[in-house]
Amino acid sequence: METLDATRAHEIAAEAAGERVSSRWEEPPGLFGWVATVDHKRIGRRYLVTAALYFTLAGLEALIMRTQLAAPDAGLVPPEVYDQLFSLHGTAMIFLFATPMLFGFGNFLFPLMLGTRDMAFPRLNAFGYWVFAAAGLLMFVSLLFGAAPNGGWFSYVPLTSLRYSEGANLDVYTLGLLFLGVSTTAGAINFICTALKLRAPGMTLNRVPVFVWALVVTSFMVVFALPPLNTANLLLFLDRRFGTNFFDTTAGGDAVLWQHLFWLFGHPDVYIIVLPALGIVSSIVPVFSRRPIAAYSLIVLATVATGVISFGVWVHHMFAVGLPPLSLTFFSAASIVVTIPAGIQIFSWVGTMLMGRVVLGVPMLWAAGFIVVFVLGGVTGVMFAIVPFDQQVTDSYFVVAHFHYVLFGGAVFPIIGGLFHWWPKFTGTMWNERAGRWSFWLVFAGFNLTFFPMHISGLLGMPRRVYTFPSGLGWELWSLLSTVGAYLLAAGLLCTLLTLWHAHRRGPAAPADPWGGETLEWATASPPKPYNFAVIPTVHSLHPLWDARTLASFAEGARSESRVLADGHLVLRTSELDGEPEHPLEMPEHSVLPFLSAAALFLTVLSLLFGWYVAAGVFAAATAFTVMGWLWPWEKAQA
Amino acid sequence: MTVITGVTEPEALASEPPGRTPAWWGMVLFVATEATLFACLLASYYYLRFLTVGEWPPPGIKKPELAKPLGMTALLLLSSGWMVWADWAVRHNRKRTLRVTLAFTVLFGAGFLTLQGTEYLTKLEEFTYATNAYGSLFYVITGFHGMHVFTGLVMLSFTLVAALAGKFSHRHHKRVRIVSFYWHFVDGIWLAILFTVYISPRL
């Protein structure tokens with residue numbers, strides 16, 4: 001028997017069946033095809049590009065803020081503008097960059113890693129993208145009209161009540177986030193259903209890649225964590241627009257209710273952002289350590305445990321509010337416990353590296369840099385779980401330093417590492433190694449120079465969210481260092497962008513499997529064909545491409561119609577736990593209706609924002625009708 | 001291999017294939033997230049209620065009457081019963097029964113909304129959503145549920161039209177099952193609302 005590798009296995013399958021399958025997976029060309037596409041790879045790339053654009057815009061806001069804070073008593077932007085800059089920066093980075101960016105990875109990679117041809121709900125996927133893009137547009141355009149959110153990213157009442165915040169700023173926030181929530185929820189449900197029902201045969205639950213596990217846990221968290229946020233935003237919108245009294249203490253309401261609802265979402269959301277990023281690290285580390293990941297079961301259990309425990313720690317954001325001490329003790333303990341599963345994952349990566357032979361390629365550099373930065377963020381995180389310490393540094397720059405170490409370190413480093421890792425799959429091109437290394441070291445240095453001094457200025461008492469500060473408080477040096485670091489960081493990110501852009505335009509063509517990867521996506525063309533796999537493989541282990549039987553299944557399957565599935569736009573439906581084949585599933589093809597219903601929903605939200613309630617009703621009805629056209633059973637039932 | 005040929009051969013294709021579809025799971029998860037939303041609203045109710053010192057409802061508002069909401073409850077539960085029948089009918093290929101039972105499901109659901117409208121007219125004379133937090137909770141929780149009933153009615157009517165167009169049979173019934181899942185959820189969550197908004201202030 002001939003020795004197979006991933007490239008050869010994929011070529012055999014493509015030669016045997018590629019042409020027949022291909023004719024079933026074509027999409028129309030031109031503008032119509034661009035709007036109507038439901039190809040998960042095109043949608044995934046759109047998510048990545050759009051989220052990167054919003055990251056850039058929110059980053060530029062941060063750069064303006066750092067410029068303002070370079071020296072005491074500076075007057076680059078007035079306080080009203082500064083308020084909008086930091087509020088929109090936080091809101092955009094959390095909601096419009098981190099989650100959608102990771103959903104972009106998921107959209108592109110899920111079907112490829114699972115060995116299938118599309119997401120479970122391709123049209124819902126397209127709809128989710130358009131809604132996300134429109135929500136971001138709404139938020140960023142509002143800045144041009146001075147109407148961007150200006151109550152901080154967590155928008156505490158009573159500051160954000162109508163009495164203290166007139167103007168449309170907070171309505172943009174509440175409606176924009178409710179609108180975006182539709183997209184996030186739809187995406188999460190899509191991920192779970194895809195992972196449950198469309199895995200390649202033989203991929204039992206204990207053979208599911210860690211990245212898929214991570215994003216599935218994230219998706220379950222979205223399903224249960226977004227409702228409190230949506231409730232909070234709905235109630236705040238009603239309070240502001242129609243005069244209900246949910247948060248009005250003088251009429252029986254309560255301001256702290258907002259904080260409970262918000263953080264009941266807000267803390268799980270930290271893990272919603274971080275877990276899939278950790279999943280990216282778990283994909284990079286084994287490939288570049290040339291061995292399977294250490295303690296697979298533990299890392300999966302740790303991911304699930306993090307997801308569950310994270311719902312019991314929200315009050316640690318409220319230690320300084322004045323809640324009863326007994327409840328603080330409980331949440332303090334829970335906040336210490338939640339660090340244990342994170343620690344398990346760290347040890348698993350370190351163990352994998354120690355026991356393997358590390359190839360320090362560019363993606364691995366980002367993964368290693370992530371471990372360093374994320375551990376530092378974790379150390380300050382444990383400090384916050386201690387109530388007296390938390391009460392001392394709350395709302396100071398120490399907090400800003402902490403959550404940038406966690407979120408920039410825990411999400412942006414893995415995301416950029418992931419971009420380098422999968423760039424050959426995303427675009428079919430290879431980047432320049434030297435430029436990649438320069439990007440990493442510039443970002444790593446710039447990041448630490450920006451955010452490490454904030455620990456110190458925070459301990460020296462500098463409060464967050466001040467638009468300027470007087471001299472003589474000992475903050476000048478640290479603040480200036482942060483600003484210098486911010487420009488260095490921006491240079492590093494620009495270098496990253498140019499490296500990837502250059503690869504895309506001029507880079508050499510990528511082979512199918514440049515790194516000798518372990519998961520199924522590396523057994524497709526670079527970039528993958530619209531149908532992904534000409535032959536649906538049978539998975540025999542956790543490392544399908546390092547396993548001769550799985551590789552052989554590409555050639556064996558080519559002789560079987562039930563694995564080629566060329567009689568239609570078909571995928572294979574398998575059982576939830578054991579990945580036993582159940583039935584071929586006819587998938588929806590391209591359609592313009594998802595775009596139209598997203599557009600109608602966007603117009604509904606805009607009408608609500610401007611208070612045109614009749615128009616809102618008309619557009620809501622239009623949304624309903626496009627959805628009905630989308631869901632109507634067009635095929636005739638056979639008698 | 002035998003497993004696959006087993007499920008792709010003509011006999012296997014003659015009835016609905018085994019196993020849950022992604023669409024079924026999609027509805028389960030959608031209902032899960034919706035249920036969490038209602039849980040948050042009801043939690044907000046209890047939070048504000050137990051924070052309030054003194055009477056609940058606040059002075060000037062009578063304790064809620066139970067006769068009409070219990071009638072509304074009966075209508076919703078009966079409509080769920082019709083829905084169960086419709087689900088049975090489509091799986092046994094009784095197409096006429098399917099149409100009739102779906103129509104009755106819609107009718108009873110619409111009856112619920114009508115009664116809720118008259119309930120609002122009575123209550124609005126006493127207090128509005130802007131009177132105090134109690135009023136806000138009352139109208140927003142029941143109104144939000146009413147919107148879900150309305151959405152459910154749209155889904156049911158859509159299914160009824162598809163049934164009239166002959167889209168369903170014992171081999172194509174998954175859509176009916178999925179819609180019924182949502183409808184039972186909307187009816188079930190009403191019981192939690194009935195208890196919270198109407199019964200708990202009397203306890």
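In the text below, chain A, chain B and the rest are named by the order of the sequence lines, each starting its count at 1. Excluded from the calculations below are hydrogen atoms, water molecules and symmetry mates; all remaining heavy atoms, backbone and side chain alike, are included.
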At a heavy-atom separation under 4.5 Å, does [X] approach chain B through its side chain, its backbone, both, or neither?
X: A:T185; result: side chain
X: A:L238; result: side chain
X: A:V256; result: both
X: A:E556; result: neither
X: A:L264; result: neither

Indicate the atoms forming the closest heavy-atom contact of [X] with [Y], along with that distance.
X: A:R573; Y: B:P18; answer: NH1-O, 3.1 Å
X: B:A32; Y: A:V223; answer: CB-CG1, 4.2 Å
X: B:K167; Y: A:W632; answer: CE-NE1, 3.9 Å

In Å, rounded to the nearest 0.5 Å, how long is the span from [atom1] of [X] to [atom2] of [Y]?
X: A:L257; Y: B:L51; atom1: CG; atom2: CG; value: 9.0 Å
X: B:Y129; Y: A:D239; atom1: OH; atom2: CG; value: 12.0 Å
X: A:L234; Y: B:C40; atom1: CG; atom2: SG; value: 11.0 Å
X: A:I192; Y: B:W25; atom1: CD1; atom2: CH2; value: 9.5 Å
X: B:Y45; Y: A:F246; atom1: OH; atom2: CZ; value: 11.5 Å
X: B:Y47; Y: A:L261; atom1: OH; atom2: CG; value: 9.0 Å

*Side-chain (B:R20) to main-chain (A:K197) donor-acceptor, under 3.5 angstrom*: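 Not at all, since once roles are kept as given, no pair shorter than 3.5 Å links the two residues.
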*Is there a donor-acceptor pair under 3.5 Å between the side chain of B:S136 and the backbone N or O of A:N245?*
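At least one qualifying donor-acceptor pair exists.
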Atom [atom1] of residue position [X] - does it have more than 12 heavy atoms of other residues, nucleotides or ligands inside 6.0 Å?
X: A:F242; atom1: CZ; result: yes
X: B:E65; atom1: CD; result: no
X: B:F104; atom1: CZ; result: no
X: B:R202; atom1: CZ; result: yes
X: B:W56; atom1: CH2; result: yes
X: B:Y46; atom1: OH; result: yes

Are side-chain heavy atoms of [X] and [Y] found at a separation under 4.5 Å?
X: B:T21; Y: A:H583; value: no
X: A:F220; Y: B:L29; value: yes
X: A:L235; Y: B:V140; value: yes
X: A:N230; Y: B:L37; value: yes

Examine whether an atom of [X] lies under 4.5 Å from a heavy atom of chain A, and if so say whether it belongs to the side chain, the backbone or both; otherwise answer neither.
X: B:T128; result: neither
X: B:F30; result: both
X: B:V161; result: both

*Based on non-hydrogen pairs under 4.5 Å, which of B:T33, B:T131, B:L137 is most in contact with chain A?*
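That would be B:T33.
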_Interface residue of largest heavy-atom contact number with chain B, from A:A120, A:C193, A:A186, under 4.5 Å_ =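 With the most close heavy-atom pairs to chain B, the winner is A:C193.
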